[in-house]
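Following: one structure in structure tokens, then a few remarks.
Starting from 1, each residue takes its place in the sequence as its number.
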Amino acid sequence: MAAPKVAREWFPPLGAESAPDGSVAPTSLVLYNSLLDEKVPFVPADGPGSKQITWYTCGPTVYDVSHVGHARNYLTFDIIRRVLEDYFGYNCMFVMNVTDVDDKIILRARRNYLLAQYREGLKSGEEAKAFALQALQRSHDKQSKKVAAATTDVADAEKEVAAGGDGERAARKKKDEFEVTVKNEEHKLRMVTDALAVTQVIVLTGDLSRDVGAVIGASGDYVAEALDAEQGSSVTDGSIYRAHAAKYEADFFDDLQALGCRNPDVLTRVSEYIPEIISYVEKIIANGMAYESNGSVYFDTRSFRGCGHTYGKLKPWAVGSALLAAESEANFETSEKRSPTDFALWKASKPGEPFWASPWGAGRPGWHIECSAMASSILGAKMDVHTGGEDLKFPHHDNELAQAEAFYHDEGCRQWVNYFLHAGHLEIEGLKMSKSLKNFISIKEALKTYTPRQLRLMFVLQPWNKPMMYGDAARAQMKARESQLKNFFQNIRAHTPRPERHNPEPWTFNPKPARAEMKARESQLKNFFQNIDVATRGVNQTHTIARWEADEMDLQAKLAGVQRAVHERLCDNVDTSGAMNCISDLVRSVNTYLAKKEAAGPEGAASNPAQPLMLRKAAAYVTRILSVFGIVPVAADTPGFGSEGASAGGDGGAVAASYLDTFAAFRDEVRSLARAKAEPKDILAVCDRVRDTTLVDMGVRLEDKADGHAVWKLDDPAVMKAEQVERARDAAEAATKKLATKLSMLEKEREKFERLMELPAPAVSLSDKYKFDDSGEPSHDKDGVALEGKSKDKAKKDVEKAKKALEPLAKKLSDDPDFMPKLVAEIATLQAQIAKLTA
């Protein structure tokens, strides 16, 4: 039977309709809308002329630390928000929730508490062993069933795909989704299998009186789960849950600030909106699309459909999959529901859980109702944009939409959200980065390796709605782009007049200290700024020929083309990756322009110099786009007039003093060497030390040019030191390789001569064939028969062959009787040098 066609539902806002042929003007903003899974024109709910938009984003469920997968989500939408606000000029009401009441928080807080109590109360290693093995085996069996169920779902989906028909596309999406689920569930099964194996090894080989910690370390999560099943109802102290959520909420906002994300305009916390949530549920019941059952309230999906609504707008192919619907929701399977697709709006209180009073008895909100109620309380019956991670599409966001339409049913609501945007997964080793898969890198860990700008740049360079692999390729691309832009700005600054100190350059690229692992795109950006700095520094505009020639015309045409192309890219689903590629084209064009001017020499520079005003314009444009993406600071992020006293120079005197002290110390050392009539190499060594050490510590990069002049650039000391370490490492590797090649050659030579030294003289090596006379010549064969004629000729040839094999040794000994001890000593020296380089 062919798979049924899955209809998608989206009602365009007034003015958002495409042309009859489906085309959209390239200068009109389009966004990838998950409600259709295609790009559609973006128009505010208030109409095409409005600049007011409303936006709700799913914030954190605060039960654990945030990881780089979360950073991808929040940075991605911070970038898109900045583009809409700072580039397209929209005024955005940005609302973010914090889920501080949820199954995950309750389970994690309670299990952590129970596990800590268990460890404190353990009486013997045998007790720990037995309980851990039992818990692990139980988890293994449970996870094996999940893998089997997921595998069955894939097989069923494959049958739908094979059947073809109008619904084949949806069937393929379902199959792909289920295949990912299988991979994830298999990974979890491997995790528990490995934990079981490790625990068994500890039990069999360890001293359990000492290795209780190791047993709990290997099996802790599974032991905590077993403890929760047995004792969870005994945990009645509500402060355990509140403290847990508060800790990770504070941790999340610390991470958000460290990443440079703009704050939300409104923050909604579930625990503060319980009355609104209860009222929301009551109205859905009154509208006939929810029902009470044993103190819980469930959303009635059949009634919802019967009222003319569509359930499962974002992932219609996932509707009916218990495995996907139960994701992140404990106790999903229950006999209280009328239909398997129904879900909880309000959960009756159970022992060991926080609760609030309600018309249905003590309980707490379901996961999905929280966002619908809180977003509605702030934004009402219609919002422009709703965002979140790809993994939230189903069931969470689909259930949000259903709840809101049911709540606003009497107002004729068929579409609560006009544009639903979902950030693609961040993958690591082929799996989604996830806490449940234990394959995540926390944001704080990542910020020990990368700067916030580098992480932002890494995400800017990727399509925001596609999966992204967190690995070497993305890091290398980032390093090149950052370096290119940094060098661009530095070179432009060297070719433009220096502004007065009270009028700082608006396009200055002023990065925060970067880590050693500066990646490719970041290096590209840095080089861009540095090149412009060098190109425009110290140029007096009044005394510079300002006439434009063909090169300037070409560069201006390139700049105008890039500006158009960037606008088209940002209009096309906020394609930051494509926009950055356009910026790279401009950077390369400017670098080519500067290289051509430099190649013309002093005479060419005097008659047809690089034009500083044009270079500053290019730099200002690049800076504007980078600021839109949040890669460099923007004035709107710091309200007010800025730092008081900045116009007075701030701490400029202290900065100047450090440079003057360095110059004075350098001068003293050079004068001392001159008085001592030092060799030129000693003076040059001092110059190199200032360049490679002193100035580096001060954030100054001094580059020697082929014409004998030096150019300085300001840079991050940590970056320059990291580069020095990398160059030293590369030099050491090259030297090691060279020494290793020589060592290998000498060792082969030693082995060769050692073998020759072991060879006996011809009279000895051929004694089994011939007898020799006193002169060392063969005279008889081994049987005593005198050698004559051909037999004597053959014997002579055998002797000559044996002598020839020893000739290299004889020649070496003739040239240098001590060559072998010297060869051994040289080999030892090389080995020591290699050991020192690789230490």
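One finds no salt bridge joining Asp237 and Arg242 here, because no Lys/Arg side-chain nitrogen approaches an Asp/Glu carboxylate oxygen to under 4.0 Å. Residues Asp398 and Lys315 are not paired through a salt bridge, judged by the lack of any N-O separation under 4.0 Å between the basic side chain and the carboxylate. The pair Asp254-Lys444 fails the salt-bridge criterion, with no side-chain N (NZ, NE, NH1 or NH2) lying under 4.0 Å from an Asp/Glu carboxylate O. The existence of a salt bridge linking Arg269 and Glu272 is confirmed by a sub-4.0 Å separation between a basic side-chain nitrogen and an acidic carboxylate oxygen. Under 4.0 Å is where a charged nitrogen must lie from a carboxylate oxygen, and between Glu225 and Arg138 no such pair does. A salt bridge links Lys283 to Asp410: one of the charged nitrogens lies within less than 4.0 Å of a carboxylate oxygen. Taking 4.0 Å as the cut-off between side-chain N and carboxylate O, Asp37 and Lys393 count as a salt-bridged pair.
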request  = Test Trp416 against Lys382 for side-chain contact (heavy atoms from CB on, under 4.5 Å), laying out the working first.
outcome  = CA-CA 5 Å; Trp416 184 49; Lys382 180 73 68 179; 5.8 Å; no

request  = Give the C-alpha distance, both sets of side-chain angles, the deciding distance and a yes or no for side-chain contact (heavy atoms from CB on, under 4.5 Å) between Asp64 and Lys104.
outcome  = CA-CA 9 Å; Asp64 203 345; Lys104 288 182 178 179; over 6 Å; no

request  = Apply the test side-chain contact (heavy atoms from CB on, under 4.5 Å) to residues Asp575 and Leu570: give CA-CA distance (whole Å), side-chain angles for both, the deciding distance (0.1 Å), then the verdict.
outcome  = CA-CA 5 Å; Asp575 180 9; Leu570 294 182; 6.0 Å; no

message = Between Glu158 and Glu179, does the side-chain contact (heavy atoms from CB on, under 4.5 Å) criterion hold? Intermediate values first, please.
response = CA-CA 10 Å; Glu158 286 175 341; Glu179 285 175 345; 4.2 Å; yes

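Within the 4.5 Å cutoff, no side-chain heavy atoms of Asp265 are placed close to those of Val95. Here the side chains of Tyr280 and Ser376 are in contact, with some heavy-atom distance below 4.5 Å. Looking at heavy atoms from C-beta onward, Phe42 lies out of side-chain contact with Asn418 at the 4.5 angstrom threshold. Contact annotation: the side chain of Tyr56 approaches that of Asn97 to within less than 4.5 Å [non-hydrogen atoms, C-beta and beyond]. Side-chain contact between Leu84 and Leu29 is present, with at least one heavy-atom pair separated by less than 4.5 Å. Here the side chains of Thr181 and Asp153 are not in contact, with every heavy-atom distance at 4.5 Å or above. Between Leu14 and Val43 the shortest side-chain heavy-atom distance does not fall below 4.5 Å. Between Val235 and Leu114, the closest side-chain pair of non-hydrogen atoms falls below 4.5 Å.
Within 6.0 Å of CZ in Phe253 there are more than 12 heavy atoms belonging to other residues, nucleotides or ligands. Counting heavy-atom neighbours within 6.0 Å of Arg302 CZ, excluding the residue itself, gives a total of 12 or less. For Arg305, the CZ atom sits in a packed shell: over 12 heavy atoms of surrounding residues, nucleotides or ligands are nearer than 6.0 Å. Counting non-hydrogen atoms of other residues, nucleotides and ligands closer than 6.0 Å to OH of Tyr113 gives a total of 12 or fewer. The environment of NZ in Lys145 is sparse: at most 12 heavy-atom neighbours from other residues, nucleotides or ligands sit within 6.0 Å.
No cation-pi contact links Lys39 to Tyr32, judged by a cut-off of 6.0 Å to the six-membered ring centre and 45° from its axis. The cationic group of Arg81 lies under 6.0 Å from the six-membered ring centre of Phe94 and within 45° of the ring axis, placing it in a cation-pi geometry.
Checking Thr76 against Asp78 by side-chain atom types alone, no donor-acceptor pair falls below 3.5 Å. No hydrogens or angles considered: a donor-acceptor pair under 3.5 Å links the side chains of Glu9 and Thr310. A donor atom on one side chain and an acceptor atom on the other are not found under 3.5 Å apart for Ser296 and Asn294. A donor-acceptor contact under 3.5 angstrom links the side chains of His397 and His422, judged on distance only. Side chain to side chain, Glu336 and Tyr298 meet the donor-acceptor criterion of an N or O pair below 3.5 Å. For Asp100 and Ser271, the side-chain atoms include at least one donor-acceptor pair closer than 3.5 Å. In summary, the side chains of Glu400 and His386 do present a donor paired with an acceptor at a separation below 3.5 Å, with no hydrogens or angles considered. Using modelled atom types and a 3.5 Å distance limit, the side chains of Thr301 and Asp342 yield a donor-acceptor pair. For the residue pair Thr99 and Trp367, no side-chain donor N or O sits within less than 3.5 Å of a side-chain acceptor on the partner. Looking at Glu390 and His425, their side chains never bring a donor and an acceptor atom within 3.5 Å of each other. No hydrogens or angles considered: nothing links the side chains of Asp46 and Gln52 as a donor-acceptor pair under 3.5 Å.
Relative orientation of the His70 and His67 rings is parallel, given thresholds of 30° and 60° on the angle between their planes. Below 30°, between 30° and 60°, or above 60°: for Tyr74 and Phe252 the angle between ring planes is above 60°, a perpendicular geometry. Ring-plane geometry between Phe304 and Tyr311 is classed as perpendicular, the angle between the planes exceeding 60 degrees on a 0 to 90 degree scale with a lower cut at 30.
In this structure, the separation between NE2 on His309 and CD on Gln415 is 12.5 Å, given to the nearest 0.5 Å. Distance OH/Tyr248 to NE2/His244: 5.0 Å, rounded to 0.5 Å. Interatomic distance, Arg110 CZ to Ile105 CD1, rounded to the nearest 0.5 Å: 12.5 Å. Within the model, atoms OG of Ser279 and CD1 of Ile274 stand 11.0 Å from one another, a figure rounded to the nearest 0.5 Å. Summarising the geometry, atom CG belonging to Leu314 is positioned 10.0 Å from atom CZ belonging to Phe394; distances are rounded to the nearest 0.5 Å. Here CZ of Phe299 is found 13.0 Å from NZ of Lys337. Values are rounded to the nearest 0.5 Å.
Residues Tyr419 and Trp10 place their aromatic rings such that the two centres sit under 6.0 Å apart.
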